[in-house]
Amino acid sequence: MITVDNLKKDFGSTQVLRGVNLNVSEGEIFVIIGPSGQGKSTLLRTIDTLEIPTSGDIKIRDESLYSNGDSRHHDIRKKIGMVFQNPAIFQGTVFENVAYGLRFRKISSRDMHERVSQTLREVGLEGYEKRVARSLSGGEKQRVAFARTMVTRPEIILLDEPTSNVDPITTEKIEEIIHYTRDTYNTTIIMNTHDMLQGQRMGDRIGVMMNGRIMQAGTPKEIFTLPANGDIARFVGFEN
Ligand code: ATP
Ligand code: MG
C-alpha cells in the first residue's frame, strides 16, 4: 500500500532522513518508535506531502508521490489524512471543526451533516455538534481532531504521537478509535510514538527509526526479543 524507497531529506546541511525504506500493507497498523530527533515526524510529514524530499520516492498503491506532476500528486493526497501531535482547534462549533475536513469535497449539505454526526459517534462525541470546540477538554479536542481527519475516510491515516499530551483514559479511548478505524474501514495506519508499551499494544509491526533510517522492522515480538543490534537493544530496554 505504501512503499518508501531510499527517501532522503536534508534541512540545509543537516541530513535528517538518510535513506528510509519502508513497506506498509493495506489495513496494517505500523508503529514507528525511536529516540527524539531521528526524523519520525519528518517522515510522516513527507508522506503527507508537507515536506518535499531531497531524493527518493514514496508510492501509494504504485502511484508515485514525487516523480509525477502536481495533478497526480493532488489526487493521491486526498487518500491521506494526518493527525498532528498538537492539533489546531478552530473557533466555532465542533460541527464546523469536523466539517472543515470536508471543505474541498463536493458533498451536499445534508450528506455533510450526516457524515459529521456519524464520525462524532465513532469517536465517542455523539451530540457534540453545537458545542464550542475550544471549550472542550484536552481529550475531547484530540477526538475532534481525529474526527476531522476520519470524516474524509482516508485510506491512510498518519498519526504523530497522538496520545503524548493526554491522560491514560483518553489514551485508551484513542487507541480504541484507532483500532475501530482500521477494523471498520481497513485503513492503513502509520503511527509515531514514544511509548514502547503503546507500540507493543498497537503495532502489527514496529519500525525502529535511528540515524535517519528504519533500522529494524518486525512484529513487536521480534523487535523486543530479537533486536537487530546493540543500539536497538539498548533503546528497547535491554541491559548491555
Ligand atoms: P521527536 O521524537 O522529538 O518528535 P522526531 O524523530 O519526530 O523527534 P523530527 O521532528 O522529524 O524528529 O526532527 C528530526 C530533525 O530534523 C531534528 O534535528 C529537527 O531539528 C530537524 N528538523 C525538522 N524539521 C525541520 C525544519 N523545518 N527545518 C530545519 N530542521 C528541521
Ligand atoms: Mg516527532
Side-chain angles (χ1 to χ4, degrees), residues 2-24 29-58 60 65-66 73 77 80-89 138-139 141-142 145-146 148-149 154 156-168 170-171 174-175 178 188-203 205-218 220 223-224 227-238:
I2 306 173
T3 306
V4 178
D5 182 19
N6 200 19
L7 192 76
K8 297 186 180 169
K9 174 69 180 175
D10 303 340
F11 291 108
S13 59
T14 314
Q15 295 178 305
V16 175
L17 304 181
R18 299 168 183 234
V20 176
N21 292 304
L22 176 66
N23 279 296
V24 182
I29 300 180
F30 189 91
V31 174
I32 299 177
I33 60 175
S36 203
Q38 302 297 307
K40 300 184 298 295
S41 298
T42 304
L43 175 60
L44 291 194
R45 291 171 55 79
T46 311
I47 298 171
D48 198 34
T49 72
L50 296 170
E51 304 281 358
I52 306 293
T54 306
S55 65
D57 198 9
I58 296 169
I60 310 289
L65 282 184
Y66 291 109
H73 172 153
R77 179 67 195 75
I80 307 172
M82 181 153 169
V83 181
F84 298 89
Q85 188 173 356
N86 298 302
I89 298 295
K141 283 181 187 149
Q142 186 65 321
F146 260 79
R148 185 193 290 149
T149 297
I156 296 166
I157 297 186
L158 309 172
L159 302 169
D160 197 1
E161 306 207 25
T163 61
S164 62
N165 294 322
V166 300
D167 62 58
T170 306
T171 297
I174 286 179
E175 290 181 358
I178 295 168
T188 305
I189 294 173
I190 305 182
M191 169 169 145
N192 288 347
T193 183
H194 269 120
D195 180 343
M196 271 344 144
L197 291 174
Q198 181 171 58
Q200 279 181 307
R201 281 196 299 274
M202 299 295 294
R205 283 187 305 144
I206 292 177
V208 184
M209 189 141 188
M210 283 184 177
N211 302 325
R213 294 192 190 88
I214 302 285
M215 282 182 78
Q216 184 179 2
I223 300 288
F224 289 93
N229 63 40
D231 289 341
I232 297 173
R234 272 185 293 281
F235 181 69
V236 302
F238 282 73

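We count ligands from 1, going down the list as the structure has it; atoms in each ligand are counted the same way.
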Would one find an N or O of [X], backbone or side chain, under 3.5 Å from an N or O of ligand 1?
| X | answer |
| --- | --- |
| Q38 | yes |
| K40 | yes |
| G34 | no |

Candidates T42, D10, L50, L17; heavy atom nearest atom 13 (O) of ligand 1 found on T42
Nearest non-hydrogen contact to atom 18 (O) of ligand 1 from the set G212, G37, S36 belongs to G37
Any H194 heavy atom less than 4.0 Å to ligand 1: yes
Protein contact of atom 12 (O) of ligand 1 - nearest heavy atom, named by residue and atom, plus distance: G39 N, 3.2 Å
Around atom 28 (N) of ligand 1, find the nearest protein heavy atom and jot down its residue, atom name and distance. F11 CD2, 3.4 Å
Taking NZ, NE, NH1 and NH2 as the nitrogens, is one of them in D48 or R45 under 4.0 Å from a carboxylate oxygen of the other? no
For the pair K40 and D160, find out whether any cationic side-chain nitrogen is under 4.0 Å from an anionic carboxylate oxygen. no
Distance flag for atom 20 (O) of ligand 1, protein heavy atom under 4.0 Å: no
Protein non-hydrogen atom below 4.0 angstrom of atom 26 (C) of ligand 1 present: yes
Determine whether the side chain, the backbone, both or neither of V16 has a heavy atom under 4.0 Å from any heavy atom of ligand 1. side chain
Is it true that some N/O/S atom of S41, main chain or side chain, lies under 2.8 Å from the Mg ion (ligand 2)? yes
Between [atom1] of [X] and [atom2] of [Y], what distance do you get to the nearest 0.5 Å?
| X | Y | atom1 | atom2 | answer |
| --- | --- | --- | --- | --- |
| N6 | N21 | CG | CG | 5.5 Å |
| L43 | M209 | CG | CE | 5.0 Å |
| I174 | T171 | CD1 | OG1 | 6.5 Å |
| Q216 | N229 | CD | CG | 7.5 Å |

Counting only N and O atoms by type, is there a donor-acceptor contact under 3.5 Å from the side chain of T193 to the main-chain atoms of D195? yes
Report, in ascending order of atom number, the atoms of ligand 1 lying under 4.0 Å from any heavy atom of E161. 2 (O), 4 (O)
Please list, in number order, the atoms of ligand 1 under 4.0 Å from a heavy atom of S41. 4 (O), 5 (P), 7 (O), 10 (O), 11 (O)
Can you give me the closest heavy-atom contact between R18 and R213, atom names plus distance? O-NE, 3.1 Å
Which atom names give the shortest non-hydrogen contact between Y66 and D57, and what distance separates them? N-OD1, 3.2 Å
